[in-house]
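Notes to accompany the following structure.
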Amino acid sequence: MLKSRPQLKTTSQPSGAIPPTPTVTRVLIVDDHPLMRYAIKTIILQQIGMYVEGDCNCAKDAMSQIRLKDPNLVITDISLPGGMDGLELIKNIHSEKPNLSILVLSVHDESIYALRAIAAGARGYINKERPIVDLLHAIRNIMNGEIELSKTVLDRLCAKNGSLTNRHIHDLAERLSDRELEILLLIGKSLSSAQIAACLRISIKTIESHRRNLREKLGLHGSGELIRYAIAWRFARENRNEI
């Protein structure tokens, strides 16, 4: 659920002064503009509990740095040089490291790319025109297990799933098993099958079977549609204070 933006306190940190620890958000920045990478790095290094592991300008270098430095958050643009764009990078990261959080920071139209990025494995999408405080809020939201999408995108998503009324939410609860509802909620949090399996302590094969059953019962085609539906269902349920 979207929340009001909190007041964020900043503090000066000499570059490299705070070594990364397990509690620190360790960020890799991927953007083809050197000034943008420098600006993001400067902003992040001013925050308590955030550290920049590195930055690069293309997907190939990003994958190399991810393997070498093991960050827990990647901030990437959509447009990248070298034959692999941001969406393809997200898919590759999600396939190799499904627990690695990804935030897209881009100038591209979020109505076109935001949900595609989420379906590919990202946990958030924010436009470069948004205020700095929104970027920091998005980082904290994502690292707390939330999905970061603008209200505009969420409204459009819920509008496409206009049948998600209170009655429909109750009907859905009757149609699906308790386990399927639990998995639908976790899919709505943009968790991968591996993450859901670890959370519920069951096999990935069982999760994939549940996902197929959910698509059949909900009349959805492909994992992307299921993810978008699950996100819309989750936010509709939360906005109506449904249990």
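Between Lys97 and Asp70 the shortest side-chain heavy-atom distance falls below 4.5 Å. In this structure, Leu89 and Ile102 have side chains that are not in contact, with every pair of non-hydrogen atoms separated by 4.5 Å or more. Side-chain contact check for Ile43 versus Met50: every heavy-atom pair is 4.5 Å or farther apart.
Within the 3.5 Å criterion, the main-chain N or O of Arg26 finds a donor-acceptor partner in the side chain of Asn72. In this structure a side-chain-to-backbone donor-acceptor pair under 3.5 Å is missing from Asn144 to Glu146. Using a distance-only test at 3.5 Å, with no hydrogens or angles considered, no donor-acceptor pair links the side chain of Ser95 to the main chain of Lys91. A side-chain donor-acceptor contact under 3.5 Å links Arg123 to the backbone of Gly145. Checking side-chain atoms of Gln195 against main-chain N and O of Pro98 turns up a donor-acceptor pair under 3.5 Å.
Among Ile66, Thr76, Val52, the one residue that satisfies the side-chain contact (heavy atoms from CB on, under 4.5 Å) test with Leu28 is Ile66.
In this structure Glu88 satisfies the salt bridge (charged side-chain N to carboxylate O under 4.0 Å, His left out) test with no other residue, sequence neighbours excluded. Residues forming a salt bridge (charged side-chain N to carboxylate O under 4.0 Å, His left out) with Arg215 (at least two apart in sequence, or on another chain): none. With sequence neighbours excluded, the residues satisfying salt bridge (charged side-chain N to carboxylate O under 4.0 Å, His left out) with Lys217 are Glu180.
The pair Arg228-Glu225 does not meet the salt-bridge criterion, since no charged nitrogen lies less than 4.0 angstrom from a carboxylate oxygen.
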